[in-house]
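Computed from heavy atoms alone, side chains included, the values below leave out hydrogens, waters and symmetry copies. Computed from a predicted model, the values in this text were never measured in an experiment.
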Amino acid sequence: MTVTGYTKNRILYISLSGEMDECSALGARTQCDKLIEDNINAEKIVINLSDVAFMDSTGIGFLIGRYKKAVKMSTPIYIMNPNFAADKILNLSGIYSLIPKAE
């Protein structure tokens with residue numbers, strides 16, 4: 001799992017690439033949290049899932065953890081571009097009620 005991030009117009013964009021499973025979650029979590037902490041003044045966070053090839057329930061836990069971190073900072077968080085399989089898992093989990101899709 002590769003995690004990259006950048007800010008534009010006070011929005012923190014975090015892109016994930018690869019497979020989100022139990023083996024990759026810890027490293028992704030650490031990198032993502034560092035990006036969030038380094039950009040504490042961001043007005044919102046957008047997590048781009050377009051390059052995530054596989055995601056299981058670990059990915060849902062990962063996203064909920066980032067949601068909790070964003071809530072503590074009073075920063076809205078969004079999911080962007082999940083592929084069909086990831087979108088199906090996210091829909092079934094109900095996560096969009098917490099983290100809406102970015103428009």
Side-chain angles (χ1 to χ4, degrees):
M1 172 67 48
T2 303
V3 178
T4 57
Y6 67 94
T7 56
K8 182 177 178 182
N9 299 327
R10 296 184 48 114
I11 300 170
L12 171 59
Y13 293 92
I14 298 172
S15 296
L16 305 178
S17 178
E19 296 186 356
M20 175 59 77
D21 56 19
E22 191 173 342
C23 294
S24 64
L26 178 60
R29 187 178 305 122
T30 302
Q31 291 175 322
C32 192
D33 285 351
K34 180 164 179 16
L35 284 168
I36 292 170
E37 290 162 8
D38 289 348
N39 293 280
I40 197 140
N41 293 325
E43 291 179 358
K44 67 173 140 175
I45 300 166
V46 177
I47 299 180
N48 186 345
L49 301 178
S50 63
D51 293 328
V52 174
F54 171 81
M55 181 169 50
D56 61 13
S57 61
T58 305
I60 294 167
F62 169 86
L63 291 170
I64 290 172
R66 305 310 55 80
Y67 165 78
K68 288 180 178 179
K69 189 169 206 55
V71 165
K72 286 181 184 175
M73 297 169 31
S74 299
T75 305
I77 185 168
Y78 301 88
I79 295 171
M80 186 169 85
N81 298 328
N83 66 27
F84 179 77
D87 188 52
K88 188 173 181 179
I89 290 170
L90 296 172
N91 264 321
L92 290 171
S93 73
I95 200 163
Y96 290 132
S97 65
L98 297 175
I99 309 172
K101 283 185 187 180
E103 298 297 322

Distance-only donor-acceptor pairs under 3.5 Å for side chains of residues 53-64, two or more places apart:
{"residue": "Asp56", "atom": "OD1", "partner": "Thr58", "partner atom": "N", "Å": "2.9"}
{"residue": "Asp56", "atom": "OD1", "partner": "Thr58", "partner atom": "OG1", "Å": "3.1"}

N/O donor-acceptor pairs under 3.5 Å from side chains in residues 44-51, not counting sequence neighbours:
{"residue": "Asn48", "atom": "OD1", "partner": "Ser50", "partner atom": "N", "Å": "2.8"}
{"residue": "Asn48", "atom": "OD1", "partner": "Ser50", "partner atom": "OG", "Å": "2.9"}

Atom of Gln31, atom of Met1 and distance for their closest heavy-atom approach: OE1-O, 4.4 Å
Considering all heavy atoms, the nearest Pro76-Ser74 contact: CD-O, 3.9 Å
Donor-acceptor pairs are to be reported for all side-chain atoms of residues 11-21 against protein atoms at under 3.5 Å, with residues two or more places apart or in another chain.
{"residue": "Asp21", "atom": "OD1", "partner": "Cys23", "partner atom": "N", "Å": "3.2"}
{"residue": "Asp21", "atom": "OD1", "partner": "Ser24", "partner atom": "N", "Å": "3.1"}
{"residue": "Asp21", "atom": "OD1", "partner": "Ser24", "partner atom": "OG", "Å": "3.2"}

Straight-line distance of Lys69 NZ to Met73 CE, nearest 0.5 Å: 7.5 Å
Spatial distance of atom OG (Ser97) from atom CG (Leu90) [nearest 0.5 Å]: 11.0 Å
Please answer: with hydrophobic residues joined when any side-chain heavy atoms are less than 4.5 Å apart, are [X] and [Y] in the same cluster?
X     : Y     : value
Val3  : Met80 : no
Ile77 : Tyr6  : no
Leu92 : Ile79 : no

Qualifying residues under salt bridge (charged side-chain N to carboxylate O under 4.0 Å, His left out), relative to Asp38, sequence neighbours excluded: Lys34
Residue pairs fulfilling ring pair (Phe, Tyr, Trp, His ring centres under 6.0 Å) with at least one residue in residues 73-103, sequence neighbours excluded: none
Beyond-backbone contact of Arg10 with Asn39, side-chain heavy atoms, under 4.5 angstrom: no
Residues that Lys88 engages under side chain to side chain donor-acceptor pair (under 3.5 Å), provided they are two or more places apart: none
